[in-house]
Amino acid sequence: MKGPWKVFKDKLNQHIIKPILESHAPIPEAALGAAVGMFLGMTPTVGIQMSLVFGSWLVFKYLLRRKFDLVISTAMVWLSNPVTMGPLYYGFLVTGNWFFAVVGANEGVMSYQEFTKRLEEITHAQGASSWDMFKEGIGFLILDLGYPMVIGSLFWAIPLSILAYLFTQRYLTTHRQRKAEHLGLSYDQWRDKYERSA
């Protein structure tokens with residue numbers, strides 16, 4: 001039986017690392033995809049993150065005339081999922097409350113136990129449809145917790161998306177250089193042969 005750390009590493013490799021390494025998008029498009037996905041994954045939007053990624057992809061491609069790798073971006077939002085949602089969202093809430101305390105607009109702080117209990121009540125409501133749970137969850141996040149959680153998430157989303165961009169850029173470049181060397185090609189030859197536009 002696999003331990004929790006091994007399961008986490010396997011999932012991380014399968015859902016995030018593998019899509020990055022298998023991408024043939026140009027490095028800037030792959031790195032931007034990682035950054036956009038990380039940013040959206042670190043916002044309190046579980047349940048609609050895939051839609052937000054696709055909407056962002058359309059905006060970048062058609063309005064901003066900038067492409068990013070949609071597969072990588074979608075993979076990155078996997079970090080925020082129903083299992084990690086409780087700790088992440090509570091961290092966003094604590095960070096937001098800390099920020100408002102620093103600027104002198106202190107909000108009441110909910111304990112982690114109260115927070116997870118409320119989330120569990122929403123996600124395990126007897127006879128509730130997915131739509132009912134979604135509405136109840138949105139009401140809890142927006143009306144009960146509101147702007148402290150959203151503001152708090154930005155303290156995580158912005159630096160982590162920058163780090164995701166830089167990490168993907170460096171990691172993927174090194175990986176592709178090794179692949180080129182293994183095939184007996186220069187990096188430029190590998191790029192000419194295998195890189196594609198997203």
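Quick note: numbers below take in every heavy atom, side chains included, and nothing from hydrogens, waters or symmetry partners. Residues take their numbers from the sequence shown, with the count starting at 1.
- Rounded to the nearest 0.5 angstrom, Ile20 CD1 and Thr168 OG1 are separated by 4.0 Å.
- Taking hydrophobic clusters as Ile, Leu, Val, Met, Phe, Trp and Tyr residues chained together by side-chain heavy-atom distances below 4.5 Å, Val94 shares a cluster with Tyr89.
- Side-chain atoms of Arg170 and Leu166, non-hydrogen and from C-beta on, never get closer than 4.5 Å to each other.
- For the pair Ile16 and Ala75, the tightest heavy-atom approach, listed with the atom from each and the gap, is CG1-O, 3.6 Å.
- For Leu32 against Lys67, the heavy-atom pair with the smallest separation is CD2-O, 3.7 Å.
- Between the Ser73 side chain and the Gly37 main chain, a donor and an acceptor come within less than 3.5 Å of each other.
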Could you tabulate the donor-acceptor pairs under 3.5 Å formed by side-chain atoms of residues 150-162, not counting sequence neighbours?
| from | atom 1 | to | atom 2 | distance (Å) |
| --- | --- | --- | --- | --- |
| Ser153 | OG | Val150 | O | 2.7 |
| Trp156 | NE1 | Thr95 | OG1 | 2.9 |
| Ser161 | OG | Ala157 | O | 3.0 |
| Ser161 | OG | Ile158 | O | 2.8 |

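- Looking at Lys61 and Leu58, their side chains never come closer than 4.5 Å, going by heavy atoms from C-beta outward.
- Shortest non-hydrogen contact noted between Tyr165 and Ala35 is CB-CB, 3.9 Å.
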Show me, pair by pair, the donor-acceptor contacts under 3.5 angstrom made by side chains of residues 176-186, not counting sequence neighbours?
| from | atom 1 | to | atom 2 | distance (Å) |
| --- | --- | --- | --- | --- |
| Arg176 | NH1 | Ala25 | O | 2.8 |
| Arg176 | NH1 | Glu195 | OE2 | 3.1 |
| Arg176 | NH2 | Ser23 | O | 2.8 |
| Arg176 | NH2 | Ala25 | O | 2.7 |
| Ser186 | OG | Gln189 | N | 3.0 |
| Ser186 | OG | Gln189 | OE1 | 3.4 |

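- Considering CE of Met50 and OG1 of Thr74, their distance stands at 6.0 Å, rounded to 0.5 Å.
- Between Leu40 and Gln49, the shortest heavy-atom contact is O-NE2, 3.2 Å.
- Side chains of Ser56 and Phe68 form a contact here, defined as non-hydrogen atoms less than 4.5 Å apart.
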**Worked verdict on Lys6 versus Asp10 for side chain to side chain contact (heavy atoms under 4.5 Å, CB included)** = CA-CA 6 Å; Lys6 175 71 171 147; Asp10 289 348; 3.3 Å; yes

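- Among all heavy-atom pairs drawn from Tyr171 and Ile17, the shortest one is OH-CG2, 4.0 Å.
- Aromatic ring orientation, His15 versus Trp78: parallel (interplanar angle below 30°, classes split at 30° and 60°).
- The hydrophobic cluster containing Val71 does not contain Phe54, counting ILVMFWY residues as joined when their side-chain heavy atoms lie under 4.5 angstrom apart, directly or transitively.
- Rounding to the nearest 0.5 Å gives a distance of 12.5 Å between CG of Leu93 and CG of Leu88.
- Scanning all heavy atoms of the two residues, the minimum distance from Ala34 to Ile72 falls at N-CG2, 3.6 Å.
- Using bins of under 30°, 30° to 60° and over 60° for the plane-to-plane angle, the ring pair Tyr187/Trp190 lands in the parallel bin.
- Rounded to the nearest 0.5 Å, atoms OG1 (Thr43) and CE (Met149) are 11.0 Å apart.
- Here the CD1 atom belonging to Ile27 is positioned 3.5 Å from the CG atom belonging to Leu172, to the nearest 0.5 angstrom.
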